*Asks:* 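My questions will all concern the structure given below.
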Amino acid sequence: MADTKREIERKYESDDSGLPDLTGVAGVAAVVDKGVAHLDATYYDTPDERLAAASITLRRRLGGSDAGWHLKLPVAPGVRDEVHAPLSATVPRSLVALIRARIRDAELRPVVRLRSDRDVRDLVDAEGRLLAEVSVDAVRAERLDGDGGTAQWTEMEVELADDGDPAFLDKVDKRLRKAGVRPSKSASKLARALAETEPKKKRKKQQKAAPEPVTAGDHVLAYVREQRDAILELDPAVRQDTYDSVHRMRVATRRMRSSFRSYAKVLDRAVTDPIGEELKWLAGELGVDRDQEVLSERITAAVDELPRTLVVGPVRTRLRTWAHARRGGSRRRLIAVLDGKQYLQLLETLDALVADPPLLEAAAGKPEKVLAKTVRKDFGKVAKLVEQALGEPAGAERDLALHEARKKAKRTRYAAEAAVPALGGPASTLVKSAKALQNLLGDHQDSVMAREALREIAAQAHGAGESAFTYGVLYGREEQRAATDEAELPGLWAEVKGGLGG
């Protein structure tokens, strides 16, 4: 069984091996000596060090208060989610699952052994509550794969207590810097160990930052790469059922697929169309229950807003029965998809696309020309659909036109997002405008779907001998909500066109 905690820490190095006096840090009432712990950790990775490249660490550690397997997943600079599992002879399957999208079929093997003598101090407040743990680690590193060497160094770590205020670390940081201590150049012990124990003849050149986008193709590929990276980074969160992770991964698949279609003059659709179909499949799997959940939440919230006198019969029970019957997926099904060959092959395909993109002639063009033309073309499609919808009388035809306009607004937004680094303000303005339009039209479409659901629920209630009164009230309210959206659309549309100079 694995458990997760959020780790917020900062690393330092100093020419001296001792810990400066921290009793003067604001809020610290005492510095408590917790003694020295002897830690022995073996780090695992693939032969091509895929985990290290993604700033992920996997280790088996002996000694200390948390001996066992630790998987650390990056969240932000200095912030990681640490997943613990009990000691075992082999890497726990629960941890392997969380890095499946990274390692795929590659072998995990020991790469580095780190032995540390950790001198620990607790920083506590006047009531004895832990604020942060400070340690001085004397580290000895040994390369395990190949003919690597050894290294040793001393570093300091300041780890915030659980649920602590991150601003406290700034206070400690200020005191340490005054004492001549400087932030570590390495993000982790493993990163430093890999760098310092690599044989000189095999030592990798320091990776350079990706060059600034120059051509239209550079900008489109940067956006595509961003979505590929988002899918990989969100994979563990989806597996852990982290809030909103499924939705965010689904959005990443849509963004990438949309960019393929919008920028068909930049990336060859003969290559990207099949990938787009795979992304559509993944989005569908991720959304098996998502749309149903959103609809159920909308109707339930509407019931909660009604006065008691308008809630007649077992309405909430009926809603739960209806929602449960329409549930098509499960956590087990989703995990099976993420562990399946089709998904893992899609990730391989995306890696290949980024590494060797199918660029067309327009990819070498100036982004100010190529990207702007694409965005204008997409916006033109939105404009045509919105104008068509505004000319339709209220009813099914208008609903359909508004739904199509919403889809095109979303596509325009994504195309503009990719163009922002090149086009700046005008593209940013369009992103905001398209999002506002998308939100309004999305609420309208949700109302259409809610009314369809309410008719279905009312029929079920009537068939069971229950009153359908409340569902009629809700239906009427949804009609009014849709009418309000439609009434607001002309004004919003005028603002959008005006903001874009049209």
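These values consider heavy atoms only, across backbone and side chains, with no hydrogens, waters or symmetry-generated copies. This is a predicted model, so every value here is computed, not measured. All residue numbers refer to positions in the sequence shown, counting from 1.
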*Asks:* With the threshold set at 4.0 Å, does a side-chain nitrogen-carboxylate oxygen contact exist between K341 and E348?
*Replies:*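 A salt bridge is absent here (no side-chain N lies under 4.0 Å from a carboxylate O).
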*Asks:* Heavy-atom distance under 4.5 Å between the side chains of W281 and V337, does that happen here?
*Replies:*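 Yes, close enough: below the 4.5 Å cut-off.
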*Asks:* Check whether any side-chain N or O of R398 sits under 3.5 Å from a backbone N or O of G395 as a donor-acceptor pair, and report yes or no.
*Replies:*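 No, the answer is negative, given that no donor and acceptor are paired below the 3.5 Å cut-off.
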*Asks:* Would D105 and R100 pass as an ion pair if we require N to O under 4.0 Å?
*Replies:*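 A salt bridge is absent here (no side-chain N lies under 4.0 Å from a carboxylate O).
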*Asks:* Among residues at least two apart in sequence or on other chains, which ones pass salt bridge (Lys or Arg N to Asp or Glu O under 4.0 Å) with D163?
*Replies:*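 Result, salt bridge (Lys or Arg N to Asp or Glu O under 4.0 Å) vs D163: none returned.
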*Asks:* Using a strict threshold of under 4.0 Å (side-chain N to carboxylate O), is an ion pair present between E82 and K5?
*Replies:*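 So K5 does not pair with E82 through a salt bridge.
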*Asks:* Okay, side chain of Y263, backbone of A415: is any donor-acceptor separation there less than 3.5 Å?
*Replies:*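 Yes, Y263 side chain to A415 backbone: donor-acceptor pair under 3.5 Å.
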*Asks:* Compare all side-chain heavy atoms of L390 with those of P490 and state whether any distance is below 4.5 angstrom.
*Replies:*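 Yes, at least one pair of side-chain atoms sits under 4.5 Å.
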*Asks:* Check whether the ring centres of Y43 and W69 lie less than 6.0 Å apart, and answer yes or no.
*Replies:*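 Aromatic pair excluded; centres sit 6.0 Å or further apart.
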*Asks:* What I want to find out is whether D378 reaches K373 closely enough, with some N-O distance under 4.0 Å, to be called a salt bridge.
*Replies:*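 Between K373 and D378 there is no salt bridge, as every charged N stays at least 4.0 Å from the carboxylate O atoms.
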*Asks:* For residues 232-258, pull every pair meeting salt bridge (charged side-chain N to carboxylate O under 4.0 Å, His left out), keeping only residues two or more places apart or in separate chains.
*Replies:*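 Applying salt bridge (charged side-chain N to carboxylate O under 4.0 Å, His left out) to every pair that reaches into residues 232-258, excluding sequence neighbours, yields D235-R239, R239-D339, D241-R331, R250-D291, R255-E417.
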*Asks:* Got a donor-acceptor contact below 3.5 angstrom from the S447 side chain to the R481 backbone?
*Replies:*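 No, because the side chain of S447 does not come within donor-acceptor range (under 3.5 Å) of the backbone of R481.
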*Asks:* Is any NZ, NE, NH1 or NH2 atom of the basic residue among R451 and E478 found under 4.0 Å from an Asp or Glu carboxylate oxygen of the other?
*Replies:*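 Looking at R451 and E478, the cut-off is not met.
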*Asks:* What distance separates E7 CD from D162 CG, expressed to the nearest 0.5 Å?
*Replies:*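 One finds 10.5 Å between CD of E7 and CG of D162.
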*Asks:* Taking R50 first and then D45, would you say they form a salt bridge - that is, a charged N and a carboxylate O separated by under 4.0 Å?
*Replies:*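 No salt bridge links R50 with D45.
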*Asks:* Backbone N or O of V238 within a donor-acceptor pair of the T242 side chain at under 3.5 Å?
*Replies:*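 Not confirmed, T242 side chain does not pair with V238 backbone.
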*Asks:* Could you name each residue pair satisfying side-chain hydrogen bond (donor to acceptor under 3.5 Å, both in side chains) that touches residues 420-442, not counting sequence neighbours?
*Replies:*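 Every side-chain hydrogen bond (donor to acceptor under 3.5 Å, both in side chains) pair that includes a residue of residues 420-442, provided the two are not neighbours, is R413-Q438.
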*Asks:* Does T470 use its side chain to pair, donor to acceptor, with the backbone of V312 at less than 3.5 Å?
*Replies:*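 Yes; at least one donor-acceptor contact below 3.5 Å.
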*Asks:* Using a 6.0 Å cut-off, check whether atom NZ of K265 has over 12 heavy atoms from anything other than its own residue.
*Replies:*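 Open.
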*Asks:* Can you find a pair of side-chain heavy atoms, one from F379 and one from V496, that are under 4.5 Å apart?
*Replies:*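 The answer is yes; the side chains approach within 4.5 Å.
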